Number of protein chains: 2
Amino acid sequence: MSGNRQVSRQPRGDATRQAILDAAERIFADLGYAAARLEDVAQLVGIRRPSIVYYFAAKQQLYDQVEADIFAAMHQFVLERMAGAGDPLERLLALLDAWLDFLVQRPTAARIIQRLVADLGPRGDNPVRFSETALRDIEAVVAEGVSTGQFRPVSAMHILNGIAAGALFYVCNAGQMGQTRAYDPADPDELERFRAMMHVLARAAVGQEAR
Amino acid sequence: MSGNRQVSRQPRGDATRQAILDAAERIFADLGYAAARLEDVAQLVGIRRPSIVYYFAAKQQLYDQVEADIFAAMHQFVLERMAGAGDPLERLLALLDAWLDFLVQRPTAARIIQRLVADLGPRGDNPVRFSETALRDIEAVVAEGVSTGQFRPVSAMHILNGIAAGALFYVCNAGQMGQTRAYDPADPDELERFRAMMHVLARAAVGQEAR
DNA sequence: GCGTTTCTACCTACACGAAGGTAGATTATC
DNA sequence: GATAATCTACCTTCGTGTAGGTAGAAACGC
């Protein structure tokens, strides 16, 4: 059979596939890979477990796709937000803001990344790593700022570990407090307070604190 | 230190018990609770699996004990390190240094905490929570600095999320990079560079960036 | 237009391995 | 010889992956 198939593809299967990915992101974020059951995902979607296998051959593949989608979306989000900024400091702050906003609006992604960082080194078959991607994004900006003399010589790794980590924590830690201290990371006031502090820290890190 | 109630009891079992706890901390840190197998722990200790059950009735109890030991040791470590400091800023830096040093010398604890923060709210039966404990420690110091006017009004939560998170990341993230970028968090040079940056951030956060 | 066929998107049922926990025997220690 | 410590062997549960089936839509032949 000579192939002439996908002219106007809009099978309802695509919607199901996306629903499975959404549900899986939620379940993997809540429970972690090992504790997450395909049964949970199926229930959230409203289908039976083997139907998931129809779209994703194995649990690991489903997870890998969830992770890949998160990285892609995050990287894309960062690029869009940085498009307007020219000044290195401005670009650095835009980058950090992008991370913060992305994680706040998609806390499941934050928790998946949080778990990822706890794991041991990269799995062989999954070359896409959060920290690598994130580091590359940051390195470009930092290198520019340092080369123009606008930043003090500072390692991108330190910015990542010292500041970007805060954005993750801000989101993940919200649910960790008791009722008295719990906060909503998406609350505009709360978010802007944290953002302001993150900017202060970033300026301090690159040596632009009060100049 | 740890409970030593029965006076002339066989120390042999106590040693095994501790060996199990040490091995379990390692395995739980590496794999997370769900993926960790008691078989792995037993193998690391050099005993058979049911022998673990002789000391800990169930996997969950073993894990809870590991977690409790970590929190106790960390809190103790912080108290000792802060004993000498009087000035609020000095005390804050001592607290952060204590966290950093504790996590660096016990990276398994760092990874367990990292996973913990990814989980949803507190489990009912396990009242001891990292973030609660850590926050209480920090709140005392921050409240003092703010009341004396030495700190700008800043929330302890922000210090926790913005700065303490960095220490965790610094340790956990070390193994996440590719071979080219991997670093050893315990390397003295590396550690002191990160510590210096953390101090800069802390001073900036409380408004003491340049003294 | 209408039967036939094929494909999509699900389903039920089951087989199999993996892991936690249990029972009771066995060895070491005093 | 009693008690602590560890073992072997077994049971049970649970979750994945697989095999195979079915309703309905789309494509096809005439």
Side-chain angles (χ1 to χ4, degrees), chain A residues 1-67 123 125-126, chain B residues 2-67 115 123 125-126:
Chain A
M1 292 129 185
S2 36
N4 61 343
R5 53 206 60 201
Q6 61 273 29
V7 179
S8 66
R9 265 180 79 117
Q10 50 173 11
R12 75 180 187 280
D14 281 0
T16 304
R17 190 188 150 91
Q18 191 55 50
I20 292 171
L21 284 169
D22 292 345
E25 180 169 324
R26 173 70 188 280
I27 297 293
F28 284 134
D30 285 0
L31 304 173
Y33 178 80
R37 299 172 315 172
L38 294 182
E39 195 69 47
D40 300 332
V41 178
Q43 198 173 349
L44 201 55
V45 177
I47 58 179
R48 300 293 176 197
R49 185 172 49 82
S51 300
I52 294 177
V53 180
Y54 177 76
Y55 293 94
F56 302 92
K59 184 185 181 184
Q60 185 67 54
Q61 288 183 31
L62 173 57
Y63 176 81
D64 287 348
Q65 191 59 53
V66 167
E67 214 180 84
R123 277 205 331 276
D125 58 329
N126 188 10
Chain B
S2 55
N4 177 358
R5 60 204 87 161
Q6 323 253 3
V7 183
S8 66
R9 220 50 175 174
Q10 283 75 352
R12 169 159 149 258
D14 284 356
T16 304
R17 189 188 150 91
Q18 190 55 50
I20 292 171
L21 284 169
D22 292 345
E25 180 169 323
R26 174 69 189 281
I27 298 294
F28 284 134
D30 286 0
L31 305 173
Y33 178 81
R37 299 173 314 170
L38 293 181
E39 196 70 45
D40 300 331
V41 177
Q43 198 172 348
L44 201 55
V45 177
I47 58 178
R48 301 291 177 196
R49 186 170 48 83
S51 300
I52 294 176
V53 180
Y54 178 75
Y55 293 94
F56 302 92
K59 184 185 182 185
Q60 185 67 54
Q61 288 183 32
L62 173 58
Y63 176 81
D64 287 348
Q65 191 61 53
V66 167
E67 213 181 84
R115 294 186 191 282
R123 279 206 328 278
D125 58 330
N126 189 10

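Just the heavy atoms: all of them, side chains too, but no hydrogens, waters or symmetry mates, feed the values below. Lettering follows sequence order; numbering is per chain, from 1. Every value quoted in this text rests on a predicted model; they were computed, and no experiment measured them.
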Integer-rounded Å distance: [N] [atom2] and [X] [atom1]:
X: Leu38(B); N: dG21(C); atom1: CG; atom2: P; result: 6 Å
X: Asp14(B); N: dT6(D); atom1: CG; atom2: P; result: 11 Å
X: Tyr63(B); N: dG21(C); atom1: OH; atom2: P; result: 16 Å
X: Asp40(B); N: dG20(C); atom1: CG; atom2: C1'; result: 13 Å
X: Leu31(A); N: dC14(D); atom1: CG; atom2: P; result: 16 Å
X: Ile52(A); N: dT18(D); atom1: CD1; atom2: P; result: 15 Å
X: Glu39(A); N: dC14(D); atom1: CD; atom2: P; result: 12 Å

Output a table of donor-acceptor pairs, distance under 3.5 Å, between side-chain atoms of residues 42-50 of chain A and any protein atom two or more places apart or on a different chain; print 'none' if there are none.
residue: Arg49(A); atom: NE; partner: Glu39(A); partner atom: OE1; Å: 3.4

Would you compute the distance between atom [atom1] of [X] and atom [atom2] of [Y] and round it to the nearest 0.5 angstrom?
X: Arg17(B); Y: Ile20(B); atom1: CZ; atom2: CD1; answer: 8.5 Å
X: Leu62(B); Y: Ile27(B); atom1: CG; atom2: CD1; answer: 10.5 Å
X: Glu67(B); Y: Glu25(B); atom1: CD; atom2: CD; answer: 10.5 Å

Write out a two-atom table: protein N or O, nucleotide N or O from nucleotides 12-18 of chain C, distance below 3.5 Å.
residue: dT12(C); atom: OP2; partner: Arg48(A); partner atom: NE; Å: 3.4

message: Would you say Asp14(A) and Gln18(A) are linked by a side-chain donor-acceptor pair, where the criterion is simply a distance under 3.5 Å?
response: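 No, no side-chain donor-acceptor contact under 3.5 Å.
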message: Can a donor-acceptor pair be found, under 3.5 Å and without considering hydrogens, that links the side chain of Lys59(B) to the backbone of Ala36(B)?
response: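 Looks like yes, one N/O pair under 3.5 Å.
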query: If you pin Ala35(B) and Ala57(B) to their nearest nucleotides in DNA chain C, which one's is more 5'?
result: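 It is Ala35(B) whose nearest nucleotide is closer to the 5' end.
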Measuring to OP1 and OP2 of [N], would you say a side-chain N or O of [X] lies under 4.0 angstrom away?
X: Tyr54(A); N: dC11(C); value: no
X: Thr16(A); N: dA9(C); value: no
X: Tyr55(A); N: dC10(C); value: yes

field: Pairs where residues 29-38 of chain B contributes a residue and the test salt bridge (charged side-chain N to carboxylate O under 4.0 Å, His left out) is met, not counting sequence neighbours
entry: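 Counting only pairs at least two positions apart or across chains, the salt bridge (charged side-chain N to carboxylate O under 4.0 Å, His left out) contacts touching residues 29-38 of chain B are Arg26(B)-Asp30(B), Asp30(B)-Arg111(B), Arg37(B)-Asp40(B).
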query: If you look at every strand shown and take non-hydrogen atoms under 4.0 Å, does Ala58(B) touch a base, only sugar-phosphate, or nothing?
result: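 Answer is sugar-phosphate: Ala58(B) comes under 4.0 Å of backbone atoms only.
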query: Touch check for Ala36(A), heavy atoms < 4.0 angstrom, all strands: base, sugar-phosphate only, or nothing?
result: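 If one applies the 4.0 Å heavy-atom cut-off, Ala36(A) turns out to touch the sugar-phosphate alone, with no base involved.
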message: List the residues meeting side chain to side chain contact (heavy atoms under 4.5 Å, CB included) with Ala34(A), not counting sequence neighbours, and say none if there are none.
response: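 With sequence neighbours excluded, Ala34(A) shows a side chain to side chain contact (heavy atoms under 4.5 Å, CB included) to Ala34(B), Ala35(B), given in chain and number order.
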task: List for me each residue that meets ring-ring contact (aromatic ring centres under 6.0 Å, His included) alongside Tyr33(B), sequence neighbours excluded, and say none if there are none.
output: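 Here the qualifying residues are Phe28(B), Tyr63(B).
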Contacting residues from residues 21-30 of chain B, given that a heavy atom lies under 4.0 angstrom of DNA chain D: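 Listed by number, there are none.
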Inter- and intrachain pairs under ring pair (Phe, Tyr, Trp, His ring centres under 6.0 Å), touching residues 43-62 of chain B, at least two apart: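 Residue pairs passing ring pair (Phe, Tyr, Trp, His ring centres under 6.0 Å), neighbours aside: none found.
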task: Compute the bend angle of the helix from dG1(C)-dC30(D) to dC30(C)-dG1(D) from the end axes (five pairs per end), rounded to 10°.
output: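 It comes to 20° between the two terminal axes.
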